[in-house]
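So that the names make sense, note that chain A is the first sequence line, chain B the second, and so on, each numbered from 1.
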Number of protein chains: 2
Amino acid sequence: MTPPRKTPTMTDVARLAGVSPMTVSRAFKADSSISGATRNAILKAADQLGYVFDSTASNLRSQKTDFVAVTIPSINTANFADTVRALSDGLKPRGLQMLLGTTDYDMAEEERLIEQLLRRRPEAIVVTGGNHTPRARRLLENAGIPVIETWDLPETPIDHVVGFSNALAVRGMVDHFVTKGLTRIAFIGGDTSRDTRGADRRSGFVAAMAAHGLDPSRLVAAGPPPVSMRAGADAMARLLQDHPDTEAVICVSDLSAFGALTECQRRGVPVPDHISIAGFGDDEIAGISVPSLTTINPHPRDIGSQVVALIGDLLDGKRTDAARIVISPDLILRQSSL
Amino acid sequence: MTPPRKTPTMTDVARLAGVSPMTVSRAFKADSSISGATRNAILKAADQLGYVFDSTASNLRSQKTDFVAVTIPSINTANFADTVRALSDGLKPRGLQMLLGTTDYDMAEEERLIEQLLRRRPEAIVVTGGNHTPRARRLLENAGIPVIETWDLPETPIDHVVGFSNALAVRGMVDHFVTKGLTRIAFIGGDTSRDTRGADRRSGFVAAMAAHGLDPSRLVAAGPPPVSMRAGADAMARLLQDHPDTEAVICVSDLSAFGALTECQRRGVPVPDHISIAGFGDDEIAGISVPSLTTINPHPRDIGSQVVALIGDLLDGKRTDAARIVISPDLILRQSSL
DNA sequence: CTGAAAGCGCTAACAC
DNA sequence: GTGTTAGCGCTTTCAG
């Protein structure tokens, strides 16, 4: 019977290859000065032993983990998933590994998560949103690594920002509707206490309506974020009942907008003839549903790739100032609005 | 001007609190024997110094990382995201941190990813699918940690399995259509060379059709996975052109099924009166679209929570045999099919 | 291009 | 309940 075979270490590989452990170390590092012949011999010996490089030891000694920590509210939300994908894809070729955690739209949970992630000693940390508990903010400020806040444009950023104004984006949509002559406009959104980006979109709506001298009180709460299609449909049902004369509705997300659209379809309410519908996100569904959905594209993939580029520059020392990269959301006009 | 303040270590905290580093270590471990008073004093000192526990050192010394590695083909796919969410949510209370990587439906990329993840010394690794390069398989076999293959039912599993038969699930759908009297049935799917689960669904379709003595040749290729709504719509356009007498179509995913549905709507082809449509996944859209979509629910969240329970039992030593947990996909009949 | 010595920050193992 | 010693598996640093 075989003994409980211990995992082989560099020393084992060194012995088999007839070199010092230091040379084995060099063989596993891309740009180190080592002859091709010895490297090949070492890699062969390593393969023979089933050796797997131990990052934990390497990380401790070199004080480098090649981790980039990322927090998002939810993973099953197309927009955030798109940003994460762009992040992950961009970090990979740079040899960086994403360390992802979700906050479930909860700032206390975000604080716990940030602390846990910082313990892993990432090279940088990317957080979604510009609102944090005081302790979370302090942890980030003292982390000694680049901090990038995204999907938002905080007034007093911790460090770097790659984002956009959610309020301003919705204001553009309101302006568009008003220009088209619509005045009785409603907003469907989630619990503003949890989703700060959703809250910003709602306050953008209220401010824009007020600026046009219009009634901003047609606000329908659609439950906890992320607002589902079903929640959007239910909210639309309530809106049609409470304010049957509503001419247009802006939804906090494309999912809720699509849900709202289906509710109209089930009730035989023609869109956009009877009511215009707009979403947020430019998810794939917005472009393909019948009718297609007017929406706002906040360029989630761009956010991810801009963050990657920024992290690259920061880690390479090519840049040291606090970046403030502003993404411009685009208004996408489609069939669901006049 | 302040010196380039070094990150404080346990030794610094110990000095300030007037205890030994070992006692500080105990203060940061949940279940260790230490008096409440000293713990509080230590945590206060740590807070004062801005000390952040260093997992990298802890991991090396204790030979425990509390990482669970997870590979999925794509993060922007609702089904996988649901499994990942259940995984992440379940691991969190156990003090385990998910280490997520995406393969982009590429086995060579999966091999690279698996090697990179194993270097981080996770406690367990969860992979999507039962198909791997020979080297990837060898790496997993020799990893010395629990390996869980998911979303599939491989004939020769590496270790543990939590999944279902994609082929069998689609066979159930074909059987249902045949029972309803439909015979001219098509299949819309992605590149079978890359997406092995998609390939299994397709081969399940072909086998089921053949078993009923029906023509299994109405196969429409919809491009690289994950098959988008748009790709589903384009595939439907081709199907309607090439085989206008098709009575039913089974799509590899709900996204492609919804895309196909919208194409019918744009062309004025009534669903299900002229053609029945079925998807796969039971994404939220399937239940809410008008008409709603007949589909298969493979219970992605169950897969995730079963995996978590299994990992828990394995790490606690409550279980040592190779598990084979079979999930039963459910046929969900809705308006899009007769 | 290769090697020897030392040590990254924590904790297992053992004392008391 | 607390302290001491040693060492996890690498890589920095310095020689050669």
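B:Tyr51 comes within 4.0 angstrom of sugar-phosphate atoms only, judged by non-hydrogen atoms across all strands, and of no base. Residue contacts for A:Ser55: at a heavy-atom cut-off of 4.0 Å it reaches no nucleic acid atom on any strand shown. The residue A:Thr11 sits apart from the nucleic acid: no heavy atom pair falls under 4.0 Å. Residue A:Ile34 is classed as a sugar-phosphate contact, given heavy-atom separations below 4.0 Å to backbone atoms only. Here B:Val24 lies out of heavy-atom contact (under 4.0 Å) with every strand.
At whole-Å resolution of the value, CD in B:Gln63 and P in D:dG7 are 14 Å apart. Taking atom CE of B:Met22 as the reference point, atom P of C:dA13 lies 11 Å away to the nearest angstrom. If you measure from atom CG of B:Leu60 to atom C1' of C:dA12, you get 12 Å, rounded to the nearest angstrom. One atom, NZ of A:Lys64, and another, P of D:dT11, lie 11 Å apart when rounded to the nearest Å. The distance from atom NZ of A:Lys29 to atom P of C:dC1 is 14 Å, rounded to the nearest whole Å. B:Phe53 places its CZ atom 4 Å from the P atom of C:dT11, with the value rounded to the nearest Å. Between A:Arg119 atom CZ and C:dC10 atom P the separation is 11 Å, expressed in whole Å. B:Arg26 has its CZ atom 8 Å from the C1' atom of D:dG1, to the nearest Å.
If you check C:dC10, C:dA12, D:dC10 against the side chain of B:Ala57, the one that comes closest is C:dC10. When distances are taken from the side chain of B:Ser33 to each of C:dT11, C:dC8, D:dT2, the shortest belongs to D:dT2.
A salt bridge (charged side-chain N to carboxylate O under 4.0 Å, His left out) with B:Asp54 is found for one member of A:Arg119, A:Arg121, A:Arg120 and no other, namely A:Arg121. Of the candidates B:Arg324, B:His160, B:His132, B:His132 is the only one forming a side-chain hydrogen bond (donor to acceptor under 3.5 Å, both in side chains) with B:Glu149.
At a cut-off of 3.5 Å, with distance as the only test, no side-chain donor of A:Ser58 or A:Ser55 sits close to an acceptor on the other residue.
When each of B:Ser35 and B:Arg61 is assigned the nucleotide of DNA chain D bearing its nearest heavy atom, the one mapping closer to the 5' terminus is B:Ser35.
Considering only side-chain N and O atoms, B:Thr23 lies nowhere under 4.0 angstrom from the phosphate OP1 or OP2 of D:dT2.
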